[in-house]
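Inspection log for the structure reproduced underneath, given as structure tokens.
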Amino acid sequence: DDGRSIYPMFDPGDTIVFYQRLLLSDLADTFAYMPEQIIKSYGINIKNGELYTLEGKPQFPPAGVLDSTDLPKRKGEETVWGVLSPNGRTIAFETIREGDKDEIHIVYLARGDSVRQITYGDTSCFIDRFSNTGRYLTVVYGTGPTWLLIFDLQKGHLYRIERPDSIPESIDYLTSFSSDDRMMLFIRSAKIYQWGDDYFGDIWLLRFKI
């Protein structure tokens, strides 16, 4: 890709990836209001590479955001937002703690009366989403560059998606999963083209060994 894609998602059959693409390549145009006609929706078959143009814009899957008033509170920290797992049993929520230099964002898991901190240290972590089955939770580590952390809540494992040394300053974010959680899409961006608060980038596909 050439760094101008955003909001990737699978079709219901998990064979076609829908995404939106910036048609203009003038940097100045991407930092202001962008008319609808310069963003176009496409689909690509991940089995044979066939490319499709789409009518309208597929809805990027919502993360299941909860109101901060419905989230657990931590002493000395401000709870900012959270997401609910697909089965409705687990909440991932994010807090802000004042650090020595900056605000530190921390991620917790809550189930029933149990609350467990899952990110530590002086680098902020930001919730991305639960996977469709609820097995995985994706978290963005850092503020730029960023890495994607994948918490396997079924096995209790943590993975970080690495990248080549040739692109050290990029940001990885905006994940979405196939219906069975065997595949995950994400955006890797060099922060060149921007749409509001989001950055266009290349689409990457991750296959899980389940």
Side-chain angles (χ1 to χ4, degrees), residues 7-19 46-47 58-68 70-74 77 79-97 104-143 145-163 170-189 201-210:
Y7 307 139
M9 57 180 287
F10 289 97
D11 79 314
D14 296 333
T15 59
I16 298 175
V17 171
F18 299 144
Y19 63 99
I46 59 176
K47 293 184 177 180
Q59 177 63 47
F60 186 66
V65 176
L66 296 170
D67 190 278
S68 61
D70 298 327
L71 299 172
K73 304 296 185 287
R74 306 293 294 175
E77 300 173 11
T79 300
V80 287
W81 80 296
V83 294
L84 184 66
S85 66
N87 64 12
R89 297 177 182 174
T90 305
I91 293 172
F93 67 98
E94 189 180 309
T95 70
I96 295 176
R97 170 174 54 83
I104 307 298
H105 289 244
I106 304 167
V107 178
Y108 294 86
L109 283 180
R111 185 168 184 173
D113 294 332
S114 173
V115 176
R116 176 165 61 98
Q117 183 176 341
I118 62 171
T119 65
Y120 299 85
D122 295 328
T123 299
S124 286
C125 293
F126 307 90
I127 295 169
D128 197 89
R129 71 174 58 245
F130 279 105
S131 64
N132 288 317
T133 68
R135 173 172 177 173
Y136 302 106
L137 174 71
T138 52
V139 170
V140 177
Y141 175 87
T143 57
T146 70
W147 287 263
L148 275 174
L149 305 181
I150 303 173
F151 291 87
D152 185 337
L153 304 179
Q154 178 177 308
K155 292 187 174 181
H157 294 169
L158 169 63
Y159 308 95
R160 189 177 86 166
I161 298 179
E162 299 297 335
R163 59 173 174 263
S170 66
I171 62 170
D172 292 354
Y173 80 130
L174 279 181
T175 62
S176 63
F177 289 81
S178 61
S179 59
D180 59 5
D181 283 357
R182 291 180 178 269
M183 295 180 288
M184 187 189 84
L185 301 165
F186 68 95
I187 290 290
R188 176 166 288 167
S189 173
D202 297 331
I203 300 171
W204 287 70
L205 171 67
L206 174 72
R207 298 181 188 272
F208 291 93
K209 295 180 179 179
I210 298 178

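Residues: numbered from 1 along the sequence shown. Bear in mind the structure is a predicted one, so any value in this text is a computation, not a measurement. Side chains are part of it too, since the values below use all heavy atoms of this structure and drop only hydrogens, waters and symmetry mates.
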When you measure from the side chain of Arg163 to the backbone N and O of Ser170, does any donor-acceptor pair fall under 3.5 Å?
yes
Any chance you could lay out the side chain to side chain contact (heavy atoms under 4.5 Å, CB included) test for Arg74 and Ile106, step after step, and finish with the verdict?
CA-CA 11 Å; Arg74 306 293 294 175; Ile106 304 167; over 6 Å; no
Would you indicate whether the side-chain heavy atoms of Ile46 and Met183 approach each other to under 4.5 Å?
yes
Here the gap from Lys47 atom NZ to Ile16 atom CD1, rounded to the nearest 0.5 Å, amounts to 10.5 Å
Between Asp172 and Leu148 (side chain of the first, backbone of the second, donor and acceptor by atom type, cut-off under 3.5 Å), is there such a pair?
no
Look at the side chain of Gln117 and the backbone N and O of Thr119, then say whether any donor-acceptor pair between them is shorter than 3.5 Å.
yes
Mind checking whether Tyr173 and Phe126 have ring centres under 6.0 Å apart?
no
Can you check whether Leu71's main-chain N or O pairs, donor with acceptor, with Lys73's side chain at less than 3.5 Å?
yes
Does the ring of Phe60 carry Arg129 above it, NZ/CZ under 6.0 angstrom from centre and within 45° of its axis?
yes
Check this for me: Tyr136, atom OH, are more than 12 non-hydrogen atoms of other residues, nucleotides or ligands nearer than 6.0 Å?
yes
Side chain to side chain contact (heavy atoms under 4.5 Å, CB included) for Asp152 and Leu158? Distances and angles first, verdict last.
CA-CA 6 Å; Asp152 185 337; Leu158 169 63; over 6 Å; no
Could you grab the distance from atom CD of Gln154 to atom OG1 of Thr133, nearest 0.5 Å is fine?
7.5 Å
More than 12 heavy atoms of other residues, nucleotides or ligands under 6.0 Å from CZ of Arg89: yes or no?
no
Specify the closest pair of heavy atoms between Ile104 and Asp122, including all atoms of both residues, with the distance to one decimal.
CD1-O, 3.2 Å
Is it the case that over 12 heavy atoms from other parts of the model lie below 6.0 angstrom from the CH2 atom of Trp204?
no
Closest non-hydrogen atom pair between Val107 and Cys125, with its separation
CG2-O, 3.7 Å
Under the criterion side chain to side chain contact (heavy atoms under 4.5 Å, CB included), I'd like the reasoning laid out for Thr79 against Tyr108: C-alpha separation, chi angles, the key distance, then a yes or no.
CA-CA 10 Å; Thr79 300; Tyr108 294 86; over 6 Å; no
Nearest non-hydrogen partners of Ser179 and Asp14, listed with the distance
OG-OD2, 2.6 Å
Side-chain touch Arg111/Arg116, heavy atoms, less than 4.5 angstrom
no
Got a donor-acceptor contact below 3.5 angstrom from the Ser176 side chain to the Pro8 backbone?
yes
Could you state the interatomic distance from CH2 (Trp81) to CG (Leu66), rounded to the nearest 0.5 Å?
9.5 Å
Asp181 side chain to Asn132 backbone, donor-acceptor under 3.5 Å:
yes
Would you name the heavy atoms of Phe93 and Ala110 that are closest together and state the gap between them?
CE2-CB, 4.0 Å
Leu153/Arg135 under side chain to side chain contact (heavy atoms under 4.5 Å, CB included): CA gap, chis, key distance, verdict:
CA-CA 5 Å; Leu153 304 179; Arg135 173 172 177 173; 5.8 Å; no
If only atom types and distance count, is the side chain of Thr146 paired as donor or acceptor with the main-chain N or O of Ile171 below 3.5 Å?
no
Are Val115 and Leu109 close enough that some pair of their side-chain heavy atoms sits under 4.5 Å apart?
no
Heavy-atom closest pair, residues Val83 and Ile127:
CG2-CG2, 3.7 Å
Which atom pair, heavy atoms only, marks the closest approach of Leu205 to Leu185?
CD1-CD2, 3.8 Å
